[in-house]
Student: 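Dropping the structure in here first, questions after.
Since this is a predicted model, take the numbers as computed values, not measurements. The figures that follow rest on heavy atoms only: side chains count, while hydrogens, waters and symmetry mates do not. Every number for a ligand or one of its atoms is a count from 1 in the order of the listing.
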Amino acid sequence: MKAGPAPETNRVVACLGGEETALETRPAPKPGAGEILLGLRVVGFCGTDLFKLVTGSAAKGTVLGHEVVGHVIATGYGVDKFSIGDRVVVPHHVPCGECLLCRRGNETMCDVFRENLMEPGAFADVILIRPRAVEHAAYRLPDHLSDEAAVFMEPAGCVLRGIRRAELPGDASAVVLGAGSMGLLHLLVLKAALPGITVTVIDPVAERRGLAGELGADHTAAPGAEALDTVQAATGGFGADAAFDTVGGSGTLEDGLRLTRQGGAVVLFAHAPADDRAGVDLNSVFKFERRIIGTYSASVKEQSEIFDLLESGALDPSPLVTHTMPLDDFTRGVALVKNHQALKVLFTPSQEAL
Ligand SMILES: [Zn+2]
Ligand SMILES: [Zn+2]
């Protein structure tokens, strides 16, 4: 979007119920005190967006999208942290920091955290950012940091939270189950956050294993016997310190338990089918001190750590972007992800905004 006076109208991708969406014109939001208005630069299409579309859980009229880089086109009263033209990355959720859940370190369970601080959502040419996000969680991008790398701050923060919850030592060995965009992002964040780590990526698709190798995986393997042999060989027969399940479901939980060492952890990162129940051998948890860890979203702390890794260049997820297209092509982008023909899809402003 061009610099200039704040626009009167906004093009948004609105949910119509179920998987249907349409590009709609709405009045553009106006920033109030402490708020900023962003012109979209890029927005990432996230697994959660796909989940909400295919399960029809987004109410009619909802505008999804939350992985956003924009530039400031207007600021509300009292905003001195940002100026017009700044490129900004910002997440959509910020915890209160004071409730019991926040104090216990479960900030992403906080009631306040669930509030969406983007209006109407990030699949839009113009996005309003609420004061709490402006104040606590928005970052100005330095010139050397690309939109395509910075747009991963929120998803990479989610990944880092799972890594922190697994309490891995610096020389850990980890397994990543699945080499889709989130699996490969795990690989990159593990390597950036713990440079001494050894990572084995498991995926049935040879092409994706090849990509994992190119992106720095120490080992790759197909699921099943090959995965077991590879992880055993890589860990002196012990099994991995942690397995990160980016696929979801009882099958990969069992794979994760099989591939981790005694005392190791399986981190559940993905949605399982709604009626899925795990039939795991409880004694393999009890007798061998294994941990099954849930992880959800990211707090401000993980996002700020990720921003530092992005800024220093230690983390660059931009090679995961396979497609970039305007919001007008939203349906095509969704289909590419759904049919596993894309890793990360980014949307740019609608044709009308350019
Ligand atoms: Zn996301
Ligand atoms: Zn809280």
Student: What angle sits at the Zn ion (ligand 2) between SG of C110 and SG of C96, to 10°?
Tutor: 110°
Student: The Zn ion (ligand 1) to C158: any N/O/S contact under 2.8 Å?
Tutor: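 For C158, the answer is no, given that no N, O or S atom comes within less than 2.8 Å of the Zn ion (ligand 1).
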Student: Between R130 and E35, does any side-chain N to carboxylate O distance fall below 4.0 Å?
Tutor: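 A salt bridge is present here (some side-chain N lies under 4.0 Å from a carboxylate O).
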Student: Could you check T200, V201, D203, L259 and say which one makes a side chain to side chain contact (heavy atoms under 4.5 Å, CB included) with L177?
Tutor: L259
Student: Between F269 and F244 (judged by ring centroids, cut-off 6.0 Å), do the two rings come close enough to count as a pair?
Tutor: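 No, ring centres 6.0 Å or more apart.
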Student: Within the side chain of K344, is there an N or O that forms a donor-acceptor pair under 3.5 Å with the backbone of G44?
Tutor: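 Flag not set: sc K344 to bb G44 has no pair under 3.5 Å.
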Student: Between OE2 of E67 and SG of C46, what angle is found at the Zn ion (ligand 1), rounded to 10 degrees?
Tutor: 90°
